[in-house]
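To keep things clear, I will list the structure first and then write my remarks on it.
Values below: every heavy atom of this structure, side chains too, minus hydrogens, waters and symmetry copies. The structure presented is a predicted model; accordingly, all values stated were derived computationally and were not measured. Every number for a ligand or one of its atoms is a count from 1 in the order of the listing.
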Amino acid sequence: MGQEADLEKLALESKVVAAGRPSKQPDGALNPPIALNSTFHEGGPVGYGRYGNETWSALEQAISILEGGKTLLFSSGMAAISAVYSLLPEGAVVVAANNGYQGTTTLLKKLHESEKLKVRFVNLANTDETIAAIAGAQLLYLESPINPLLEIVDLPKVIKAGKAAGCGVAVDNTLATPLIQNPLNLGADIVIHSVTKYLSGHSDLILGSLSTNDAALYARLEQARRYGGAIAGPFEAWIALRGLRTFSLRMEKSQQNALELAKRLLADKRVSKVRYPGLPTDPYHGLAKSFMKGFGAMISFDVNASIDQVDLMCDSSKLITNATSLGGVESIWERRRKWATESVTVPENLIRFSVGIENVDDLWADIEFAFAAAKIK
Ligand SMILES: Cc1ncc(COP(=O)(O)O)c(C=O)c1O
């Protein structure tokens with residue numbers, strides 16, 4: 001495309017619009033094609049549809065512009081995460097969250113129980129505990145904010161400690177997004193996204209990505225994708241790139257809504273705790289401000305009510321959808337402990353709320369309606 005040098009200098013909201021475009025030529029298309037081919041003529045650099053195609057390349061280039069490094073697209077966030085773990089030798093030591101995203105934690109528990117890996121499960125929000133666990137580890141696997149308690153990991157400090165100990169460091173940046181933090185710039189080796197969420201943003205596809213600055217690591221991850229076979233569909237990649245064009249607008253609006261709703265929930269006696277790093281009262285506010293450029297659009301809050309009432313509340317809203325997932329234009333919430341695999345450190349009465357781009361007063365009216373429907377006073 002020959003534009004990367006210029007793109008590097010642009011602000012993020014320009015990058016998301018300009019990145020991943022075909023090169024300029026008379027009557028050339030502005031957008032990449034949906035490359036529906038398994039098979040290519042002999043002699044080119046790609047070779048076969050499981051190894052690459054133009055639509056993946058466009059989206060990979062766009063994510064690379066946002067996160068830095070070079071990106072590989074996968075069929076899901078979990079496929080990307082699994083590819084990272086597939087690189088480790090049998091019995092390798094991993095340091096990871098004891099209460100992180102339940103998909104990752106469940107995968108790690110299984111790998112640990114079957115003795116494929118030795119996982120040291122720690123509270124990543126406790127910097128001393130995390131750093132103390134690093135000695136002898138091959139991979140430090142981080143996520144911040146931690147899903148769903150929205151605690152903040154001291155990424156600059158913990159990544160530095162991991163690298164100083166010669167440990168690989170991977171960061172799941174799904175919740176924060178590159179609008180807020182760039183783990184590769186902090187020294188991480190790999191950044192992971194569930195592209196399903198904020199980057200694509202419309203709750204209409206499942207994709208994942210890995211980005212890295214390390215050419216040798218990129219080559220190993222590419223081999224893991226090539227032979228693991230967890231590849232993206234070109235149509236999903238194309239839709240995700242279209243969604244990415246409005247990523248910064250969506251994220252800004254969702255964040256604004258989240259801060260306003262977090263303040264209203266904090267002032268509400270029906271709520272016993274609000275977890276949102278953007279609130280000055282949040283225990284992680286100072287840390288978040290020290291290295292993040294925003295606070296994200298996820299709120300978790302504990303409701304002063306029984307489990308049945310919280311379930312009823314989630315199911316009674318009309319604008320906010322009771323569903324699992326996050327990062328779409330649509331507001332979504334759910335009682336997280338309804339999932340058997342969720343960490344027991346997550347309170348039963350906690351609602352995880354992915355705040356969308358709707359009108360904030362409409363969202364608040366819907367929350368009020370849901371409280372009333374569940375007879376929460
Ligand atoms: C933080 C985080 N990482 C990874 C994933 C997995 O992504 P996917 O559903 O695209 O496989 C999720 C999904 O919810 C997530 O929230």
Specify the protein heavy atom at minimum distance from [atom]: its residue, its atom name, and the distance to 0.1 Å.
atom                    : answer
atom 3 (N) of ligand 1  : D172 OD2, 2.6 Å
atom 10 (O) of ligand 1 : T196 OG1, 2.6 Å
atom 11 (O) of ligand 1 : M78 N, 2.9 Å
atom 7 (O) of ligand 1  : S194 OG, 3.0 Å
atom 5 (C) of ligand 1  : Y101 CE2, 3.3 Å

Going by an N to O cut-off under 4.0 Å, is there a salt bridge joining [X] and [Y]?
X    : Y    : result
K375 : D308 : no
E113 : K109 : no
R270 : E368 : yes
E90  : K116 : no
R335 : E348 : yes

With respect to [X], determine whether any N or O atom, backbone or side chain, lies less than 3.5 Å from an N or O atom of ligand 1.
X    : value
I206 : no
E143 : no
T104 : no

Could you tell me whether L207 approaches ligand 1 through its side chain, its backbone, both or neither, with non-hydrogen atoms closer than 4.0 Å?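 Only the backbone of L207 comes within reach of ligand 1.
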For ligand 1, which atoms sit closer than 4.0 Å to a heavy atom of K197?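 Going through ligand 1 atom by atom, the ones under 4.0 Å from K197 are 9 (O), 12 (C), 13 (C), 14 (O).
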Take L363 and V355 through the test side-chain contact (heavy atoms from CB on, under 4.5 Å) and record every step on the way to the result. CA-CA 9 Å; L363 288 171; V355 181; 4.2 Å; yes
Hey, would you say the Y85 and Y141 ring centroids sit under 6.0 Å apart?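 Yes, the ring centres sit under 6.0 Å apart.
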